[in-house]
Amino acid sequence: TARTRLGELIAAAQRIVPFTGAGISTECGIPDFRSPGGLWTRNAPVYFDEFIASQAARNECWRGRFALDSAFGTARPGRGHHALAALWREGKSPGVITQNIDNLHQASGIDDSCVIELHGNTTYALCLDCDTRFELDWVREQFDASGGEAPACPRCHGFIKSATVSFGQAMPVEAMRRAEQLTLSADLFVAIGSSLVVWPAAGFPLMAQQNGARLVILNRDPTEFDAIADLVIRHDIGDVLAPWVE
Ligand code: OAD
Ligand code: ZN
């Protein structure tokens, strides 16, 4: 079966690089983006140029973010996260490349330095001008006290934004460099829970495959890259990966 084949590939591999998307966190109570009920099916994303251009867009962006507090604020790592953490602890995997912004790979015990976040992190905020970090509790206090106005940076008056990468915003240069390095060092690359439609992130599975790594795609729905994968598993992520925790 596909699971047996996955076990064989993992056993044979020296350097496994998991590449994760929102599907690994759905069992943790965080919706993905494009499945029925996904975030982008309920609220359109606020683009970076809109965020920069208007206070109303910044207010709306923060309102939307705080509406997700109940999911992001309480979520704990799931079976997929724990399985990848086990591979990392065993030294089978040098680190995880993730499109996720939920901090759950770090929460599963993988060292911060081994989690490469391509789209940032929504569990804290940054000033877009001076890069000062702000905790969300503080942002929320300011937001609530002003009747729903997104606060400006107390140091430089810059805009404060969740530390995620919005559409139209530059990719984090260092994370991209490290993701490329990890990808080119992989002998087994496992794309987990991603629709693989958002670029440049979606380029990494392709890069790994072209560089000679085995490519596994574990995702409930088909993806554009299934045709070039060595193994495609269209099942529930937690169910498939749970055995690797033992
Ligand atoms: P998507 O919502 O596009 O895709 C998630 C995939 O996970 C879907 O194809 C689901 O079928 C699958 N899935 C969900 N739960 C699953 C489960 N329990 N078992 C197996 N498969 C499951 O999310 P991403 O691919 O992560 O970027 O989205 C990529 C980027 O688009 C995000 O990082 C975000 C978004 O816009 C930015 O905001 C910049
Ligand atoms: Zn500032």
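When a ligand or atom number is given, it counts from 1 through the structure's own listing order.
Between the side chains of Glu60 and Gln55, no donor-acceptor pair is found at a separation under 3.5 Å. Using a 3.5 Å distance cut-off with no hydrogens or angles, the side chains of Arg178 and Gln181 do not pair a donor with an acceptor. In this structure, a donor-acceptor pair under 3.5 Å is absent between the side chains of Gln99 and Thr20. A donor-acceptor contact closer than 3.5 angstrom links the side chains of Thr122 and Arg65. Side-chain atoms of Ser25 and Asp102 include a donor-acceptor pair closer than 3.5 Å. In this structure, a donor-acceptor pair under 3.5 Å is absent between the side chains of Lys92 and Gln14.
Asn103 contributes no side-chain N or O that, together with a main-chain N or O of Thr123, makes up a donor-acceptor pair within less than 3.5 Å. Formation of a donor-acceptor pair under 3.5 Å by the Ser146 side chain with backbone atoms of Glu149 is found in this model.
Ligand 1 is surrounded by Gly21, Ala22, Gly23, Thr26, Asp32, Phe33, Arg34, Ser35, Trp40, Gln99, His119, Val165, Phe167, Gly193, Ser194, Ser195, Val198, Asn219, Arg220, Asp221, His235, Asp236, Ile237, each with at least one heavy atom closer than 4.0 Å.
Counting only distances under 2.8 Å, and ignoring water, the protein N, O or S atoms around the Zn ion (ligand 2) are Cys127 SG, Cys130 SG, Cys153 SG, Cys156 SG.
For the atom pair CD1 of Ile97 and CE of Met176, the computed distance is 9.5 Å after rounding to the nearest 0.5 Å.
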